[in-house]
*Asks:* 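Have a look at this one.
Model, not experiment: these values are computed from the prediction. Lettering follows sequence order; numbering is per chain, from 1. Computation of the quantities below employed the complete heavy-atom set of this structure, encompassing side-chain atoms and omitting hydrogens, waters and symmetry-equivalent molecules.
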Amino acid sequence: MQNGRKVLTEELAFEILSAIEEIPPGCVATYGQIARLIGRPGNARLVGRVLSMAEFFGSYPCHRVVNSQGRTAFTFTEQRSRLEEEGVRFLENGKVDMKHFRWDG
DNA sequence: TCTGTGACGAGCG
DNA sequence: ACGCTCGCCACAG
C-alpha cells in the first residue's frame, strides 16, 4: 500500500515531538539524531519540517534541536537565548559546544 | 512526471 | 574554518 499516502501524518509529527520531549534540559540533539531515533535515518529534513510547525501542535523544547554543526536555526532567533538560559554554552564561532552538550540518547 | 525547495548531513578543496 | 556540491527524503505546484 503506497498509494497517495501521506508520510508526514499527524501521528508521525507527534512521534517526532515526543522524541524531542525526551531531550533533557541543558542538552541539545541534532535533526539527524532525532530522525534515527524514530527509525527514519536520512530524514533529518522531515524533523526540521515538523519543528517549523511545532507551535501548531503544542509546546515542545524545539530549541534543543540544532544541526550537526551545532548551528541554531536561522529563523528561530530565540533559540540561542533559550539554550543559554538552560546552561548550554556557545563557542566563539557562534556554535553550540557539541562536545559537551550533545545529548546521547 | 518533473522541478524547485527546505529549522539537514557528509565530503571535499 | 568556510563555502560549495551532492545526496537525501517529502511535498507543493
*Asks:* Can you measure A/Leu46 atom CG to C/dG7 atom C1' for me and round it to whole angstrom units?
*Replies:*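 Those two atoms, CG and C1', are 16 Å apart.
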*Asks:* Any base atoms under 4.0 Å from A/Leu8, or only sugar-phosphate, or nothing? Heavy atoms, all strands.
*Replies:*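 Answer is sugar-phosphate: A/Leu8 comes under 4.0 Å of backbone atoms only.
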*Asks:* Take atom CZ of A/Phe57 and atom P of B/dA7, then tell me their distance rounded to the nearest Å.
*Replies:*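 So the CZ-P distance, A/Phe57 to B/dA7, works out to 16 Å.
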*Asks:* Round to the nearest Å and state the distance from A/Met98 atom CE to C/dA1 atom P.
*Replies:*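 In whole Å, C/dA1 P and A/Met98 CE are 14 Å from each other.
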*Asks:* Which pair of heavy atoms, one from A/Arg40 and one from A/Val7, lies closest together, and at what distance?
*Replies:*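 Reported closest heavy-atom pair: NH2-CG1, 3.5 Å.
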*Asks:* Checking A/Arg71 side chain against A/Gly94 main chain: does a donor-acceptor pair fall under 3.5 Å?
*Replies:*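 Yes, A/Arg71 side chain to A/Gly94 backbone: donor-acceptor pair under 3.5 Å.
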*Asks:* Find the distance A/Leu12:CG to C/dC9:P and express it as a whole number of Å.
*Replies:*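 Whole-Å distance recorded here is 15 Å.
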*Asks:* Return the value, rounded to whole Å, for the distance between atom CG of A/Asn67 and atom P of C/dC2.
*Replies:*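 About 13 Å, once rounded to whole Å.
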*Asks:* Whether A/Arg45 engages the ring of A/Tyr31 as a cation-pi pair (distance to the six-membered ring centre under 6.0 angstrom, angle to the ring normal within 45°) should be assessed.
*Replies:*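 Judged by the rule, A/Arg45 and A/Tyr31 form no cation-pi pair.
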*Asks:* Less than 4.0 angstrom from a charged side-chain N to a carboxylate O is my criterion; do A/Glu84 and A/Arg80 meet it?
*Replies:*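 Yes.
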*Asks:* Please give me every residue in residues 30-45 of chain A whose heavy atoms get under 4.0 Å of an atom in DNA chain C, ordered by residue number.
*Replies:*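 Correct list: A/Arg40, A/Gly42, A/Asn43, A/Arg45.
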*Asks:* Using whole Å, what does the distance between atom C1' of nucleotide C/dC11 and atom NZ of A/Lys6 come to?
*Replies:*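 Answer to the nearest Å: 10 Å.
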*Asks:* Where do A/Arg82 and A/Phe76 come nearest, in terms of heavy atoms and distance?
*Replies:*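 Closest approach of A/Arg82 to A/Phe76, heavy atoms only: NH1-CZ, 3.8 Å.
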*Asks:* Using a 4.0 Å heavy-atom cut-off, does A/Phe76 contact any base of the nucleic acid, only the sugar-phosphate backbone, or nothing at all?
*Replies:*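 Base, at least one base atom sits under 4.0 Å.
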*Asks:* Verify the contact: side-chain N or O of A/Ser68 to OP1 or OP2 of B/dG9, cut-off strictly under 4.0 Å; return yes or no.
*Replies:*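 Indeed, a polar side-chain atom of A/Ser68 lies that close.
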*Asks:* Can A/Ile23 be reached from A/Leu83 by stepping across I, L, V, M, F, W or Y side chains whose heavy atoms are under 4.5 Å apart?
*Replies:*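 They do not share one cluster, since no chain of ILVMFWY contacts under 4.5 Å joins A/Leu83 to A/Ile23.
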*Asks:* Please report the distance, rounded to the nearest Å, between CG in A/Leu17 and C1' in B/dA7.
*Replies:*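 Rounded to the whole Å, the gap is 13 Å.
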*Asks:* Starting from A/Leu46, can I reach A/Leu17 by hopping between I/L/V/M/F/W/Y residues whose side chains sit under 4.5 Å apart?
*Replies:*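 Same hydrophobic cluster.
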*Asks:* Could you tell me the separation between the CZ atom of A/Arg82 and the P atom of B/dA7, rounded to a whole number of Å?
*Replies:*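 It is 17 Å, rounded to the nearest whole Å.
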